[in-house]
Amino acid sequence: MKIDVLSLFPNMFAPMQESIIGKAIDRGSLSFSVTDFRDYTTNKHNNVDDYPFGGGAGMLLMAQPMFDAIEAIKENDDKKSAGHVVLLDPAGKKFDHTDAERLASYDHLTFVCGHYEGYDERIKTLVDEELSLGDYVLTGGELGAMVMIDATVRFLPDVLGNRESATGDSFQDGLLEYPQYTRPADFRGMKVPEVLTSGNHQKIAEWRLKESLKKTYLRRPDLLEGRQFTKEERDLLDDIKTELDEG
Ligand code: 4GS
């Protein structure tokens, strides 16, 4: 996969050189490149923003540097494409796990990050979709882009080793993760649930599914709305509700 980013603060992307993403880049599974669109300004002060027509507070990123920077990305690309272009914007669709999985199916992604100001609306003609990290205002799109890149790249084959396998994590099957324990079995009197040391794999799987369902039901009931339950899940959820009523 190839990822391009357009940003006025390329140094903010230093975290991409670390850990799992950094290794994916080193191995060649991922190519990652940040373009400073200030390099594409044509005015003598290298301004990237200007006052809004009609007045009002704040400045807007001008269309010209962004259009020329996207042109340069296309020019450098084998297929003369910027791939699937994402604009970071709090008015976009709120990013979630399913978006990450969907973005992972593109072979080329370009993230456009504003900083401080808004965008000239015409920039949006360059963009395939607008995504938001969440319902709050950031100082720039960069952190949002990094979060989305991180969550997306996890879905690429050969990015996660066995140690950090993508399956079984929260959200993978629409449920929150069950509790996990490692040695020792008794830590300061806090004991690991007996079933986990029983060696009975069927019982362990059932316990884990039930714990996942209970945690999701208690903390994130919204995740269960519209979910297709298996018969086993239905039965376990009924047990959970009965137990909670009794307790
Ligand atoms: C977000 C967000 C954001 C909006 C950038 C105001 C600076 C700021 N970007 N998800 N201008 N939430 N962007 O707050 O993506």
Side-chain angles (χ1 to χ4, degrees), residues 1-21 30 32-41 43 45-70 72-73 82-106 108-156 170-171 220 222-223:
M1 173 180 266
K2 179 170 160 183
I3 297 181
D4 275 291
V5 172
L6 295 175
S7 164
L8 293 172
F9 295 91
N11 295 337
M12 283 188 76
F13 290 87
M16 299 284 98
Q17 286 162 35
E18 300 291 331
S19 186
I20 294 169
I21 306 289
L30 176 67
F32 179 74
S33 160
V34 188
T35 299
D36 183 348
F37 56 86
R38 196 181 296 281
D39 295 344
Y40 292 87
T41 51
N43 61 80
H45 297 293
N46 294 130
N47 288 331
V48 291
D49 52 7
D50 206 340
Y51 297 97
F53 279 120
M59 303 280 276
L60 301 178
L61 291 176
M62 298 185 287
Q64 176 273 320
M66 207 65 93
F67 270 71
D68 287 354
I70 292 268
I73 284 173
H84 185 73
V85 181
V86 175
L87 181 74
L88 278 292
D89 191 313
K93 188 224 171 246
K94 208 190 288 183
F95 181 80
D96 69 16
H97 170 78
T98 60
D99 297 305
E101 192 159 20
R102 181 173 54 80
L103 291 183
S105 68
Y106 293 98
H108 188 184
L109 292 169
T110 293
F111 290 87
V112 178
C113 307
H115 215 95
Y116 317 124
E117 53 278 278
Y119 305 101
D120 183 308
E121 190 67 18
R122 291 166 291 190
I123 284 172
K124 298 189 183 163
T125 62
L126 297 168
V127 164
D128 295 302
E129 69 178 310
E130 296 171 37
L131 291 174
S132 167
L133 189 58
D135 290 342
Y136 35 76
V137 181
L138 302 168
T139 58
E142 286 79 5
L143 287 165
M146 279 189 273
V147 169
M148 292 176 199
I149 290 166
D150 192 280
T152 297
V153 166
R154 287 181 80 257
F155 283 103
L156 299 181
S170 286
F171 300 111
R220 293 293 306 277
D222 57 299
L223 294 176

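Both counts, for ligands and for their atoms, begin at 1 and track the order of listing.
Close N/O approach between G134 and ligand 1 is found [any backbone or side-chain N/O within under 3.5 Å]. At least one N or O atom of Y136, backbone or side chain, sits closer than 3.5 Å to an N or O atom of ligand 1.
Nearest protein heavy-atom contact of atom 10 (N) of ligand 1 is L133 N, 2.8 Å. With hydrogens left out, the protein atom closest to atom 6 (C) of ligand 1 is V137 CG1, 3.9 Å, a heavy atom. At the top of the distance list for atom 13 (N) of ligand 1, counting protein heavy atoms only, stands P90 CD, 3.6 Å. Protein heavy atom at the shortest distance from atom 14 (O) of ligand 1 is L138 N, 2.7 Å.
Within the 4.0 Å heavy-atom shell around ligand 1 one does not find G144.
At distances below 3.5 Å, at least one donor-acceptor pair connects side-chain atoms of Q64 with backbone N or O atoms of Y40. A distance-only check finds a donor-acceptor pair linking the side chain of Y119 to the backbone of G114 [under 3.5 Å]. A donor-acceptor pair under 3.5 Å links the side-chain atoms of H97 to the main chain of F171, judged by distance alone.
Counting heavy atoms closer than 4.0 Å to ligand 1, residue D89 contributes backbone atoms (N, CA, C, O) but none from C-beta onward.
A donor-acceptor pair shorter than 3.5 Å can be found between the side chains of D96 and T98.
Note on D120 versus R122: salt bridge recorded, some NZ/NE/NH1/NH2 to OD/OE distance being below 4.0 Å.
Counting the atoms of ligand 1 from 1 in the order shown, those under 4.0 Å from a heavy atom of T139 are 7 (C).
Between F32 and F13, the two ring planes are tilted [angle within 30° to 60°].
For CG of D222, the number of neighbouring non-hydrogen atoms (other residues, nucleotides, ligands) closer than 6.0 Å is greater than 12.
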